[in-house]
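The structure appears right after this line, and notes come after that.
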Amino acid sequence: MIDAHCHLDAYPDPYQTALAADQARVLTIAVTDLPSGFEAAYPHVRPLRSIRLAVGLHPLRADRHASERERFAACLARTSYVGEVGLDFSREGWETRRLQEDSFRFVLELLRVQRKFLSIHSRRAETAVLDALEEHGVRPAVFHWFSGSLAQLDRLIEQGHACSINPAMVRSARGRAIIASLPHDRVLTETDGPYVTVRGRPALPTDVAEVEVHLARLWGHPLAEVRQQLARNLRAVIPSMSGG
C-alpha cells in the first residue's frame, strides 16, 4: 500500500504512528510544513524502511518561509521527496499569497536542477500552480487532494502530472467525479492524516485501503491489480536518484 501524503508529525505520537505504518509495510511519504520539521523528524524516521520524509514549505506557513529557505535548500540534499509546497488562495491564505508565490518560485527554481518527488497543495490556486510548474519546466508533480475544476484537471493531466486521492474524496460527490476523470496511470493514494478522518478517528496510513477498494470497484479490476497499478504510478513520479 502507498500513502503518498501523510502528516506523521501532526499525530499525538508521531513515532508510534510511523512505526505502525512501517510494520504494516505501507510506503508512507511523510510531508512536513517547514524544513525545521524535517530536521526534527529525520533521525527518528530514517531507520524505518517504509517511511519517506519530505521537506516542505507549506503555503499557510508563509510567514515563516523567509527564515527557513536556507534550511530548505540544505535539506534537499538529504531527501528525494518535497512536500507540502504550493499555493493557497482560499480565504485562509489570501493575505499571504505574494509571499507564497515568492516561496513557490524559490522551490521550483531549485527543482529545475534537483528533480524530486513533489507533493503539491493547490487550494483555490490550481491555475497559478499549473502556470508556475509549466514556466519552470517542473514535472511530474503530484497534486494532493485536488479540488479544482474538471477543465483544470484536464490541463493537469495534459502537463503530465498526477493526483493523490484520500478517503474524504471517496466520500464526496465532487471527489468521486475527480477520481473518475483521472487516467489509471495518474492516480496515487493518500490519507492526509490526521486531518482526514475515517470512522470518526484520524486516518492512518493503512486507511488507504478504503481508497484502493473504491478504485477496484470503479476500474472493475481485482484489488491486486489496482495495487500493482499504483506501484507503477509511484515509480513514474519518483526520480531515479539516491537519497531518502
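Note that the coordinates shown come from a computational prediction; the quantities given were computed from them, not determined experimentally.
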> Do His214 and Met169 pass the side-chain contact (heavy atoms from CB on, under 4.5 Å) test, and can you show the C-alpha distance, the side-chain angles, and the key distance before you say yes or no?
Replying inline: CA-CA 10 Å; His214 177 80; Met169 296 178 71; over 6 Å; no
>> Before you tell me yes or no, could you show the steps for Leu133 and Arg139 under side-chain contact (heavy atoms from CB on, under 4.5 Å), namely the whole-Å CA-CA distance, both residues' side-chain angles and the distance that decides it to 0.1 Å?
In response: CA-CA 7 Å; Leu133 290 168; Arg139 70 168 77 181; over 6 Å; no
> Glu135 and Arg105: salt bridge (charged side-chain N to carboxylate O under 4.0 Å, His left out), yes or no, with the steps?
Replying inline: CA-CA 10 Å; Glu135 176 186 348; Arg105 283 194 292 269; over 6 Å; no
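The CG atom of Asp192 sits 6.0 Å away from the CG atom of Asn166 when rounded to the nearest 0.5 Å. Interatomic distance, OG1 of Thr127 versus CG of Leu156, reported as 10.5 Å (0.5 Å rounding). A distance of 13.5 Å separates CG of Leu99 from CZ of Arg61, quoted to the nearest 0.5 Å. Interatomic distance, Leu130 CG to His161 NE2, rounded to the nearest 0.5 Å: 6.0 Å. Of the inter-residue distances, the one linking Arg176 atom CZ with Ser181 atom OG reads 13.0 Å to the nearest 0.5 angstrom. The structure places CZ of Arg71 at 5.0 Å from OG of Ser36, a figure rounded to the nearest 0.5 Å.
Hydrophobic clustering (ILVMFWY, side-chain heavy atoms < 4.5 Å, transitive): Leu230 and Leu218 are in one cluster. A single hydrophobic cluster is seen to contain both Phe146 and Val170, as judged by linkage of ILVMFWY side chains at heavy-atom distances under 4.5 Å, directly or through other members. Criterion: ILVMFWY side-chain heavy atoms under 4.5 Å apart, direct or through other members. Under it, Val107 and Phe89 are part of a common hydrophobic cluster. With hydrophobic clusters built from ILVMFWY side chains whose heavy atoms lie under 4.5 angstrom apart, Leu204 shares a cluster with Leu48. Taking hydrophobic clusters as Ile, Leu, Val, Met, Phe, Trp and Tyr residues chained together by side-chain heavy-atom distances below 4.5 Å, Leu182 shares a cluster with Ile120.
Of all heavy-atom pairs between Pro59 and Thr96, the closest is O-OG1, 4.1 Å. Nearest heavy atoms, Leu108 versus Val138: O-CG2, 3.9 Å. In terms of heavy-atom proximity, Ser50 sits nearest to Asp22 at N-OD1, 2.7 Å. Contact record, Ser122 with Val129: CB-CG2, 3.9 Å, taken as the closest heavy-atom pair. Between Trp145 and Glu190, the closest heavy-atom pair is N-OE1, 3.7 Å. Here the closest heavy-atom approach between residue Val142 and residue Cys163 is recorded as CG1-C, 4.1 Å.
Without hydrogens or angle criteria, Arg69 side chain to Phe106 main chain gives no donor-acceptor distance under 3.5 Å. Side-chain N or O atoms of Arg174 include one that pairs as donor or acceptor with a backbone N or O of Ser147 at under 3.5 Å. Judged by distance alone, with hydrogens and angles left aside, the side-chain atoms of Asp3 form a donor-acceptor pair with the main-chain N or O of Thr191 at under 3.5 Å. No donor-acceptor pair under 3.5 Å is formed between the side chain of Glu225 and the backbone N or O of Pro222. Judged by distance alone, the side chain of Thr28 and the main-chain N or O of Ala30 form no donor-acceptor pair under 3.5 Å.
Dense packing is recorded around CD of Gln159, with more than 12 heavy atoms of other residues, nucleotides or ligands lying under 6.0 Å away. Counting non-hydrogen atoms of other residues, nucleotides and ligands closer than 6.0 Å to CZ of Arg217 gives a total of 12 or fewer.
Taking 4.5 Å as the limit, some side-chain heavy atom of Arg115 sits within range of a side-chain heavy atom of Pro140. By the 4.5 Å heavy-atom criterion applied to side chains, Leu110 and Phe72 are counted as neighbours. With a 4.5 Å cut-off on side-chain heavy atoms, Asp9 and Thr32 count as touching. The closest side-chain heavy-atom distance from Leu34 to His65 is below 4.5 Å. Side-chain contact between Ile29 and Leu27 is present, with at least one heavy-atom pair separated by less than 4.5 Å. Between Phe143 and Leu153 the shortest side-chain heavy-atom distance does not fall below 4.5 Å. Arg124 places none of its side-chain heavy atoms less than 4.5 Å from the side chain of Asp88. A heavy-atom distance below 4.5 Å is not found between the side chains of Leu57 and Phe104.
Using a cut-off of 4.0 Å between Lys/Arg side-chain N and Asp/Glu carboxylate O, Arg155 and Glu158 are scored as not salt-bridged. The residues Arg201 and Asp207 are annotated as salt-bridged, a charged nitrogen and a carboxylate oxygen being separated by less than 4.0 angstrom. Residues Arg123 and Glu92 are paired through a salt bridge, judged by an N-O separation under 4.0 Å between the basic side chain and the carboxylate.
Just one residue in the list Leu188, Val208, Val211, Ile178 forms a side-chain contact (heavy atoms from CB on, under 4.5 Å) with Ile165, and that residue is Val211. Of the candidates Glu84, Gln100, His144, His121 forms a side-chain hydrogen bond (donor to acceptor under 3.5 Å, both in side chains) with just one, namely Glu84.
For the pair Arg52 and Phe117, the NZ or CZ position fails the cation-pi test of under 6.0 Å to the six-membered ring centre and within 45 degrees of the ring normal. Taking the ring centre of Trp94 as origin, the terminal cationic atom of Arg91 falls outside the region bounded by 6.0 Å and 45° from the ring axis.
For residues 165-205, the pairs satisfying ring-ring contact (aromatic ring centres under 6.0 Å, His included) are His7-Tyr195, His184-Trp219, His184-His221, with sequence neighbours left out.
Using cut-offs of 30° and 60° for the angle between ring planes, the Phe38 and Tyr42 rings count as tilted.
No side-chain N or O of Ser164 forms a donor-acceptor pair with one of His5 less than 3.5 Å apart. In summary, the side chains of Glu212 and Thr189 do not present any donor paired with an acceptor at a separation below 3.5 Å, with no hydrogens or angles considered.
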